[in-house]
A.B. asks: 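Quick one: structure below, then a few questions.
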Amino acid sequence: MSITIEKIASHLNAKLIGDPKLSIESISSVENATKQQLVFIEAKDIQSKVDKTTAGAVICQQEVKTSKTLLIVKNPRIAFAKALELFDRPKDIKQGIDEKAWVEKGAEVDPSATVYPFVTLRSGAKIGKNVILYPGVYVGQNVKIQDDAILFPNVTVFKNTHIGKRVLIHAGARIGDDGFGYVWNGSQHYKIPQVGNVVIEDDVEIGANAAVDRATTGTTKVGQGTKIDNLVQIGHNDQIGKHCIICGQVGLAGSVNIGDGAMLGGQAGVADHVNIAPGARVGAQSGIIQDIKTQKPLFGTPATEASNFFKSHLIISKKLPEMRKELLRLRKEVEELKKNK
Amino acid sequence: MSITIEKIASHLNAKLIGDPKLSIESISSVENATKQQLVFIEAKDIQSKVDKTTAGAVICQQEVKTSKTLLIVKNPRIAFAKALELFDRPKDIKQGIDEKAWVEKGAEVDPSATVYPFVTLRSGAKIGKNVILYPGVYVGQNVKIQDDAILFPNVTVFKNTHIGKRVLIHAGARIGDDGFGYVWNGSQHYKIPQVGNVVIEDDVEIGANAAVDRATTGTTKVGQGTKIDNLVQIGHNDQIGKHCIICGQVGLAGSVNIGDGAMLGGQAGVADHVNIAPGARVGAQSGIIQDIKTQKPLFGTPATEASNFFKSHLIISKKLPEMRKELLRLRKEVEELKKNK
Amino acid sequence: MSITIEKIASHLNAKLIGDPKLSIESISSVENATKQQLVFIEAKDIQSKVDKTTAGAVICQQEVKTSKTLLIVKNPRIAFAKALELFDRPKDIKQGIDEKAWVEKGAEVDPSATVYPFVTLRSGAKIGKNVILYPGVYVGQNVKIQDDAILFPNVTVFKNTHIGKRVLIHAGARIGDDGFGYVWNGSQHYKIPQVGNVVIEDDVEIGANAAVDRATTGTTKVGQGTKIDNLVQIGHNDQIGKHCIICGQVGLAGSVNIGDGAMLGGQAGVADHVNIAPGARVGAQSGIIQDIKTQKPLFGTPATEASNFFKSHLIISKKLPEMRKELLRLRKEVEELKKNK
């Protein structure tokens with residue numbers, strides 16, 4: 001597959017300097033590019049970076065002297081993302097319902113949607129425009145999936161879940177499974193039935209093999225534009241704000257509230273009923289067991305301000321053994337002083 | 001769907017005070033209830049909580065003055081769980097074997113069981129009464145699944161596994177995959193074939209996308225009534241007792257023993273061959289690398305008693321920098337004293 | 001199933017002492033063996049261990065006096081692994097493409113391969129000799145799977161992935177999903193399309209429900225002979241060397257480099273763009289945020305040498321409260337000395 005630089009420039013709304021017919025085969029990083037590849041360069045030293053790269057074409061912020069073809073844009077990183085889109089168009093779409101799918105009576109599917117083989121659609125499910133359901137997807141009763149959402153292979157969505165527009169759910173993610181709730185009845189853990197649902201707002205992305213539990217009663221919510229990475233666990237009744245970033249293997253217990261724009265690093269954990277402020281920044285592997293009101297970076301378990309954490313960590317690993325020795329020395333000297341008094 | 005309060009009272013074996021024909025549409029929390037919803041109230045201040053709630057009906061322990069309908073029971077939380085059950089009855093059951101399933105010769109299925117499309121049943125598999133196998137489930141050779149068990153979509157169960165009565169296995173859980181065992185043969189990691197199996201006893205629940213590996217030789221066992229949350233890893237040859245609680249993303253290495261009633265918090269990890277006492281309580285994100293004999297709460301990596309852990313943590317984050325300053329001050333003063341001696 | 005000890009001896013290239021017709025039903029551990037079972041004994045005290053075991057046959061390094069049947073080999077542990085293989089031969093193979101599979105036009109399948117029901121093969125996929133694709137496997141466009149690889153149920157492999165010879169991918173693993181990359185465009189996280197691929201070299205094993213993301217541009221690579229356990233997250237553009245061991249629930253961010261033969265303990269995490277030396281040893285639950293150049297065992301978050309970590313940990317949990325008291329005592333004594341000066 002190749003695309004003319006002219007066509008890319010038009011997609012990016014970029015100023016084109018150089019040969020408009022240059023044929024681009026793919027996007028690359030500055031280091032290993034070929035003449036048929038396009039790269040992007042940010043910020044300073046643009047001239048020297050353009051000189052150095054072996055790419056045939058460069059996205060950058062300002063014009064420099066070069067024989068290479070340039071695409072001038074305001075934000076090269078965003079332009080790079082948009083250029084990649086041109087090379088990522090799904091070419092495998094097959095509109096309509098495959099005869100190897102199982103569509104229960106009472107499910108509604110827009111004719112522009114794609115339902116691949118081995119997909120299950122239960123009664124009451126409503127599938128919007130241009131939705132793509134890859135093989136092995138399970139859609140439960142009364143699930144609503146809005147326009148342009150894509151569910152990759154083997155995703156399961158349980159009854160009464162709502163999925164917004166342009167949502168992407170990656171392979172094997174589980175939306176709306178039972179929350180983890182029991183009450184000890186004297187002889188066993190008695191299951192608390194989980195009768196709530198899950199709402200995933202527009203533009204959310206959920207990673208491979210992640211799990212979003214449905215609410216005990218009420219709704220587990222993932223807010224608009226929030227991005228969730230692979231193998232993340234979202235507990236029952238969690239309320240996640242808009243435009244959050246939740247990295248791989250993060251685990252949230254039940255009834256957690258996360259404010260808009262918060263970021264949680266990989267493998268971080270949050271205890272049940274904890275509230276996290278909008279814009280909070282939780283470091284990787286950190287453990288949050290109390291409400292967070294700051295936007296300063298946090299680290300450790302239990303988490304403290306990252307600056308303190310790293311100061312303490314330095315003292316522990318370097319200074320603590322030395323402090324012990326110093327204490328013993330002082331002890332001796334004080335004894336000596338007391339004797340000689 | 002709505003149910004009369006009379007019918008709910010009878011299901012809970014509760015004393016009904018008020019209008020027996022009141023129609024309940026769902027269960028809710030005290031804060032946001034409507035007149036057609038039922039809530040539960042525990043412990044003290046029952047009168048004021050009943051006064052405050054906007055619910056039409058309340059489960060509680062004793063009679064109070066109110067125009068609302070009351071259900072009087074001994075344990076409101078258990079009654080709440082039982083009431084939820086009425087609203088959680090699967091209404092999607094379709095007994096028998098769907099023609100889109102693949103049932104190998106030699107598999108036996110009770111006529112009361114439900115085998116949905118895209119289910120695989122290998123030869124020698126035995127499926128008990130009222131078992132439900134959702135779409136995409138894979139059941140290997142000689143797997144036994146006992147009465148009333150439910151396997152949600154895309155669960156895989158490998159050969160020779162035994163699954164007890166009323167077991168629930170949530171979407172995408174993997175039961176009986178190979179344990180992680182190799183021996184270095186001088187040039188590569190040589191795979192140790194895993195020829196054991198897995199036994200899941202009655203009333204166990206296993207979360208979405210969890211993995212329970214089969215034993216190298218012998219059996220990996222999960223004891224009766226134990227509840228395992230999403231994305232948990234159970235290693236080969238682990239022996240898990242009865243009525244344990246294992247929270248989300250916990251990881252157990254191989255040959256771990258966990259006593260009855262132990263609780264492991266989210267993201268905790270246990271090293272191989274470690275023994276954990278019955279009733280042990282392991283905090284979230286903790287790492288267990290030695291045998292645990294206490295029932296006192298544990299925390300940290302390596303885990304120590306939680307009370308000590310939090311004391312030390314406080315000293316580290318607050319007192320350690322101050323201790324360093326104090327040491328330097330003392331050092332100066334002692335020098336001064338020595339000079340003036 | 002039972003196999004004569006004679007046949008096992010020949011498979012192991014072992015010296016057989018005893019009854020060649022002894023019938024072995026399975027392999028066991030030394031403690032619980034029956035007369036129809038084979039066990040292995042390593043290193044010292046061979047005579048007493050052989051005397052004690054109730055097994056009918058023993059793999060060991062040298063001849064001892066016994067009525068039991070012996071298999072003498074150089075490396076008993078490797079011989080044990082090889083003996084297990086005899087009992088682990090898949091007996092469920094059904095060569096050819098099942099009519100319940102969905103094979104798109106343009107996919108090529110070697111006639112010796114097995115394609116089970118509910119498998120999806122997209123156009124351009126090439127499936128080598130003796131490959132087994134279990135039910136529910138999804139193979140994307142232009143995926144190449146080389147000879148003798150096995151993909152267990154519900155594995156998904158996205159477009160352009162290459163999978164080497166003898167690779168094993170366990171149930172529910174996701175190969176080639178989108179990497180986690182966005183750029184903030186002032187109002188939302190704008191997705192950076194992920195147009196690279198994944199290369200899995202020969203003899204790699206990937207655990208159940210693990211996820212290996214495809215590269216943003218270029219290739220995410222897992223080197224020859226590397227073994228990856230369940231629920232592991234491999235980020236976009238990671239380069240993993242040969243013969244590494246990556247234990248359960250490890251998480252690697254993007255663009256991580258891991259040298260040949262490195263070992264990462266369970267639940268360890270590695271930050272993006274970090275380089276880890278060949279042969280590095282990272283302890284369980286450790287967090288790596290800087291390049292690692294040593295082969296000494298590491299532990300903690302951020303990780304330090306394990307010996308230091310455990311020394312500091314001991315001081316913290318035992319010595320730190322005592323140090324505080326000692327400081328206060330010294331402070332008083334110095335005050336006293338100053339007064340009396």
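Numbers restart at 1 for each chain; the letters A, B, ... are given by sequence-line order, proteins then strands.
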A.B. asks: Can a donor-acceptor pair be found between the side chains of S26(C) and Q37(C) at a distance below 3.5 Å?
C.D. replies: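 Short answer, yes.
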
A.B. asks: For T219(B) and N197(B), test the side chains for any donor-to-acceptor distance below 3.5 angstrom and give the result as yes or no.
C.D. replies: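 Their side chains do contain a donor-acceptor pair, which is all the 3.5 Å distance test asks for.
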
A.B. asks: Please indicate whether N13(C) has more than 12 foreign heavy atoms, meaning atoms of other residues, nucleotides or ligands, lying under 6.0 Å from its CG.
C.D. replies: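 Check fails, neighbour count at 12 or below.
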
A.B. asks: Measure distances from H313(C) to the heavy atoms of chain B and classify the residue's part below 4.5 Å as side chain, backbone, both or neither.
C.D. replies: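 Interface part for H313(C): side chain.
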
A.B. asks: Please classify the contact between L327(C) and chain B as side chain, backbone, both or neither, with a heavy-atom cut-off of under 4.5 Å.
C.D. replies: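 Both the backbone and the side chain of L327(C) come within 4.5 Å of chain B.
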
A.B. asks: Name the region of E335(C), side chain, backbone, both or neither, that has any atom closer than 4.5 Å to a heavy atom of chain B.
C.D. replies: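 For E335(C), the side chain is the part near chain B, not the backbone.
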
A.B. asks: Please confirm whether the backbone N or O of K82(C) pairs with a side-chain atom of H11(C), one donor and one acceptor, at under 3.5 Å?
C.D. replies: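 Confirmed, H11(C) side chain pairs with K82(C) backbone.
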
A.B. asks: Is it the backbone or the side chain of E205(C) that comes under 4.5 Å from a heavy atom of chain B, or both, or neither?
C.D. replies: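 The side chain, not the backbone.
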
A.B. asks: With a 4.5 angstrom heavy-atom cut-off, could you sort out which part of E305(B) is near chain C: side chain, backbone, both or neither?
C.D. replies: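 Contact with chain C involves no heavy atom of E305(B) at all.
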
A.B. asks: Please flag which part of A268(B) lies under 4.5 Å from any non-hydrogen atom of chain C: side chain, backbone, both or neither.
C.D. replies: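 The backbone, not the side chain.
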
A.B. asks: Check each atom of T304(B) against the heavy atoms of chain C and say whether the ones under 4.5 Å are side chain, backbone, both or neither.
C.D. replies: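 For T304(B), the contact with chain C is made by the side chain alone.
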
A.B. asks: Can you tell which of D229(C), D98(C), T301(C), I78(C) has the highest number of heavy-atom pairs within less than 4.5 Å of chain B?
C.D. replies: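 If we count pairs closer than 4.5 Å to chain B, D229(C) comes out on top.
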
A.B. asks: Ring-plane angle category for H243(C) and W184(B), please: parallel below 30°, perpendicular beyond 60°, tilted otherwise.
C.D. replies: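 Judged by the thresholds at 30° and 60°, the geometry between H243(C) and W184(B) is perpendicular.
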
A.B. asks: Anything under 30° is parallel, anything over 60° is perpendicular, the rest tilted; go ahead and classify F299(C) against F309(C).
C.D. replies: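 Rings of F299(C) and F309(C): tilted, as their planes differ by 30° to 60°.
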
A.B. asks: Measure I228(C) against the heavy atoms of chain B and call it side chain, backbone, both or neither at under 4.5 Å.
C.D. replies: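 The answer is the backbone of I228(C).
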
A.B. asks: Does the plane of the ring in F152(C) sit parallel, tilted or perpendicular to the ring in H170(C)? Use 30° and 60° as the thresholds.
C.D. replies: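 It falls in the parallel class, under 30°.
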
A.B. asks: Considering only heavy atoms, which portion of K100(C) lies under 4.5 Å from any heavy atom of chain B: side chain, backbone, both, or neither?
C.D. replies: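 Just its side chain gets close to chain B.
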
A.B. asks: Give a yes-or-no answer on whether the side chains of Q194(B) and T216(B) include a donor-acceptor pair shorter than 3.5 Å.
C.D. replies: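 Distance-only check passes for Q194(B) and T216(B).
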
A.B. asks: Under 4.5 Å heavy-atom distance to chain B, tell me which part of I246(C) shows up: side chain, backbone, both or neither.
C.D. replies: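 For I246(C), backbone heavy atoms alone lie under 4.5 Å from chain B.
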
A.B. asks: Out of N230(C), L168(C), L330(C), which one racks up the most heavy-atom pairs below 4.5 Å with chain B?
C.D. replies: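 Sorted descending by pairs with chain B, the first entry is N230(C).
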
